[in-house]
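Just so we're on the same page: letters track the sequence lines, and every chain starts at 1. Note that the structure is a prediction, hence the values are computed from the model and not measured.
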Amino acid sequence: MSLYIKMPEENEPLPSLKRARGKLLWISSVDHKQLGIMYLWLALFFFIIGGLQAMIIRAQLSWPENHLVSPEMYSQIFTMHGTTMIFLVLMPALIGLGTYLIPLMIGANDMAFPRLNAFSFWMTCMGGVLLYFSFLAGGGPKAGWFNYPPLSEMNYTSTAGVDYYLVGLILTGIGSIGAALNFVTTVLCMRSPEMKLNMLPLFVWMMFVNAFLMLAAFPLLNSGLFLNLLDRQFDAHFFIPSSGGSALLWQHFFWAFGHPEVYILALPAFGIISEVIPVFSRRPIFGYKFVAASTVAIALLSYSVWAHHMFTVGLSNAVNSFFAISSMLIGIPTGLKVINWIGTMYKGSIRLTIPMFFAIAFLIDFTLGGLSGISFAIVPIDWQLTDTYYLVAHIHYVFLGGSLFGIFAGIYYWFPKISGRKLSKRLGKWHFWLFVIGFNLTFFLQHILGMIGMPRRIYTYPDLPYWKVLNLFSSIGAFFMFTGMAVFFWNIYTTLKKPRTVTSNPWNAWTLEWAVPSPPNLKNFVEIPPVHSRRPLWDLDHPDKPDKRLN
Amino acid sequence: MLLLIASEAFFFMALIIAYVYYRNFTNATDTVAKNLDVVKTGIFTLFLIASSFTLIFSKKALLNEKYVLYKILMATTILFGIVFIIGQVNEYMGLYKKQITLSQDIFGSSFFTLTGFHGLHVILGIIALSILFGISFGKLKIVSISAIQGVDIYWHFVDVVWLFVFYFVYINPLL
Amino acid sequence: MNVLNYFLDASHWSLPWLIGLGLVFIGYLLLLRTAILQKVSFFSALLFIYITIGSPVSQLNNFGLHSVIMLQQFFILMLVPVLILKSLPSELFKETRLASFNFSKNPSYAIVAFWIIGAIAMWGGHLLSAAILSSKTGVAICGIVVSKGSWITHIPGILIMGLVLWAGLIFSFPIFHPDSSKRLAPVASVIYLFTACLSCSLLGLYVAFSASAASAAEAVPFFTTLRNPIPLSVRTDQEIAGMIMWVPGCIFYVVLSMGILLRWYNDPITETEKNPETIKTSTIPKKTIQYGNTEQI
C-alpha cells in the first residue's frame, strides 16, 4: 500500500459515510474535525445510557418501599450513572468541542499531534467499552463512582465490576492526558502568527488552562487506580487497614484528582458561555482580562481545596479550617466571572436564541450550585449535610446547571458550523423549557430532602413525613428531563436530514471559526484573515471602528 | 515531551507520597528496607547515571553529524540501561527468595510498585532508544531533531526519578 | 499575661532594630529616585522585616512555636523579597553584571538555577529550623532529632534570616526584575511560580499531616508557660505551621500570578512577546520582537 497521502484540496469536504471506504476513512481519521464529531457522538451515546440509568434510579425512588430493581442492581446503576456521566459524557463532550474548535479558532489547520488526537479518542472509546463490558462479566462496579475502599477491596466486593471500573478509567485517563498534551502544544505552537497569547478567544484560553489541570490531575487518579488494582489483583495492602494500609490514602489521592476534575469539567463550559453571551448580547466580553486571569486563579487554587470532600473523616480542626478557608476563597474567581458575564449582558442588545437561553439558565443554575457549594465549605454544615441529598442536589446543579447547560449552549451555537444546518428553534424551545423546568423540579427539592435527612445512595426509604411527596415530584421532574432530551435527539435527527443551507457566519459572530464555510473543508484555512484584536471578524466587517489594536 | 514528563512526574510523586506515608506516618516497621542491598543497587544506579551522560554525548555527536560516534554512544546507553534492568531483576529475585513479595505487607507492596513502575518506564525508554538506534541504519540516516530531543528528555527524567526513588527507598531508611 | 498585653508591652518590641531599619529607609529615600508606590513598597518591606525580627512575634519564636517560625519564614522568603524588588528603580542593575540576565529572551539554564536556589532555601531553611527547634526543646520534630546544646543552636538566627532573605531575592529576581522588559514572560512566570508552589505544598503537607504521627502525639500542651501567652498543643501548632506554609503561601503565589497576568492583558503592545517555545518541540528558533520598556513597577 502506498504511503503517499493526498493533500486535501481547497474545497474538499469531510468524507461522507456513504462513499466507498467512507466508514474506514472515519475510523482511521486523524483530522481534528472528524475526531471532534466522533467525540460528540460518543458523548451522546453514553448520555442516553447514563440518562436511562438515572431514570431507573428516580423510578426506584419514586415512593417508599419500592422494589423495582434489586439492591444489588441499584448499587451498580448509581455507580455506573455517576461514572458514565462524568467520564464518558461530560469529558468527551468538552474535549470533543475543544478538539473541533481550537484549531479553527486559532487559525490552524489541525492540531499539533493528529495521531495522538486519534489515539486519545480511541482510548476513551475503549475505556467506555471496557467499563460497560463489566455487565457481561459478572456485574458492573457497585462501590460508588468514587470507589472508596474498604468497600472496593476484594474482600467486600469480589465481583469483577470494580476491576473493570479501574482499568476502564485508567484507559480514559490516558486518553484525556493525550488530549491535554495536544491542546497545550497546539495553542502554543500553531496559532496564526499574528495572534498573541493574550488575544486568544476565551474558549481557547480556558481549554488551554484546563489542559494543564488535566495533565496534573489525571496522573493522581491513575496512581490511585493502579494501587487499588494491585490491591485487588495482586493482594497488595495499600488501602486495607487491617494489614497496615490506609483507606484514607485513597480518599486523598482520589479527591486530589477529583476536585481539579470538577474544575476540568467546569472551565470549558465557562469558555463556551464566554463565547455565547458576547455574541448574543452584541457586545464584547466585559473585563476580558479578569475572566482570563481568574481562570488561572481557579486552576491554581483547585489544588488546595480537596480535603473539603473529607471533612468527616477526622482530620483535625486546624486542617479542616484551612481547607474551609481555601474553599471559600475559590468561590471568588468564579463569582468574578459571573459578574463579568452579567456585565456583558448589561446594556447589550440581547438576541434570545437557544444558545442564549441556555447561557442564561447556566448563569442562574450554576450560581445556585456554587452557593450550595460554598455552604458546604462551612465545616459544621458539611458535617450535617454531607452524603445526603443536599450534596446530590449540589453536584447536579453544578454538573448539569454548569457543564451540561454549557454543552447544550455550545452545541446549539456551533451545530450550524459543524453540520451546515441550524437546529430547529421551535424544538429547541421545547427542549429548553422541558429540561430546565424538569431539572429545577428534580434537584431543587433534593436540597430540602437532604436537609430533612435523606442520605444518598440508599436503595429505598421508609414512609417518613414529606419524603414521599418530595421524591415523587423529583421523579416527575426527571420525567420532564427525559422528554426534553427526547425532543433534543429528535431535533438533531430531523435537522441532519435537511440540506446544508447555512452560511459561514449565521450568528454574526467574531472569532476565526466563523470565517470558514459551514461545514469547514478538510483543509480549514487556505488564507487566515488578519488578526489584530480579539474580534478579527468584527474588524473585517467594521473597518471604520475596529477594536483596539493588540499587536 | 516536557508536558508528558511533568504529568508523569505527578504520577511518580503520588507513588512516592504513598511510600513516604507508610514509612513515616504509620506505626508499622519497615520490613523491606533492611533486606535491601544499598551498595549493589548503588552500583547499578551509577550505570543509569552513566547512561544519561552517554546519551548527552550521543546527541551532541548526532548534532555535529558524527554518525559513527552517535551509534556507538547510543548503543552504550542502551547497554547501560539494560544492565540497570538486569540489576533490578536480580534484586527482585533475591527478595522473592526471602519471601518478600508484593503481597507480603504494605512495604512490600509499595516497594515493588514504586520500583516496578520505574522499571517499566526504563524499559519503555530502552525500546524508544533502540528504535532510534535501529532506524539510523536504514534509509533514514538521520534521526529527526525532535525525536532525539524528546527521547533525551525522557531518559533524563527517568534517571532523575530514579535518584528520588533511590533516596527515599534505599538511603532514607539508613538515616 | 494574655495576648493583647503581650503585644502591647513595649519591652517586647526591639528598639535597636527599629532605629536600624529607620536609618535604612532614610538612606533609601536619599540615595534612590523612585515613584511613590515604590517608596510605599520599600516601607512595607521594612515593616515586615521589623515584624519578623524585632516585634513580639520574634520573641514568641523563643518558645519554639512552630507556627510562628513558619510565619517568619513566609514573610522573609516570600513577601519581603517581592516588596523589595518592586521598590527598586529599573536602572539599578544596568552597570552591574546582573544586567546580562535578560529572562525575556530564550530563558537559559539560569532560570533553573534561580528556581533551585529558592527551593533549597525553603527546604534547607525548614530543615535547619526543625533541627534548631529539636535541639532547643529536646523533642523530635518531623523525625529530625538533634541533641540539646548541639552546635546548631549556636548559628545566629540573624544569619539564617539573612541567607533566607538573600535566597528569596534571587528566587524572585526573574519574575520581578526591576527592569520590566527583562522579566520572564507572563505564562512562563506563572508556571515558574506554580512549580515553586508545588514544592512548598509538598513540604507543608508533610509537616501538617505528620503532626498527628507518633513523635508529636504527646498532646501535652507543651509550650504553655507562664510567659507564653498563646497556649497551643504541639500537634495543633505543627498543623497550623504546615497549613500556613501551604494555604497562605499558595494564595500569595496565586495573587502574584494574577497581578502578572492582569498587567499582561492590560498593555499588550508594550510588553515583550515571549516566543512560544517554552515547551520546545523543535529546535527552530523564532525571532523575538523587542518592544521598548516603559513601566517600572
- Message: Counting only non-hydrogen atoms closer than 4.5 Å, does A:Tyr288 touch chain C with its backbone (N, CA, C, O), its side chain (CB onward), both, or neither?
- Response: side chain
- Measuring heavy-atom distances to chain A, does C:Leu205 have an atom under 4.5 Å in its side chain, in its backbone, in both, or in neither? side chain
- Find the distance between CZ (A:Arg534) and CE (A:Met195) and round it off to the nearest 0.5 Å. 11.0 Å
- Query: Looking at CE of A:Met199 and OH of C:Tyr265, how far apart are the two atoms once the value is rounded to the nearest 0.5 Å?
  - Reply: 11.5 Å
- Item | Check: C:Ser199/C:Trp123 side-chain N/O donor and acceptor closer than 3.5 Å | yes
- Could you tell me which portion of C:Val187 (side chain, backbone, both or neither) has an atom closer than 4.5 angstrom to a non-hydrogen atom of chain A? side chain
- Message: Taking side chain as everything from C-beta outward and backbone as N, CA, C, O, which of these in A:Ser321 sits under 4.5 Å from a heavy atom of chain C? Side chain, backbone, both or neither.
- Response: neither
- Item | Straight-line distance of A:Leu301 CG to A:His259 NE2, nearest 0.5 Å | 9.5 Å
- Does a donor on one side chain sit under 3.5 Å from an acceptor on the other, for A:Ser304 and C:Trp246? no
- Query: Of the listed residues (A:Ala112, A:Ala297, A:Ser294, A:Ser326), which shares the most heavy-atom pairs with chain C below a 4.5 Å separation?
  - Reply: A:Ala297
- Measure A:Leu315 against the heavy atoms of chain C and call it side chain, backbone, both or neither at under 4.5 Å. side chain
- Item | Portion of C:Val254 that has a non-hydrogen atom of chain A nearer than 4.5 angstrom | both
- Is a side-chain donor-acceptor pair under 3.5 Å present for A:Trp383 with A:Thr312? no
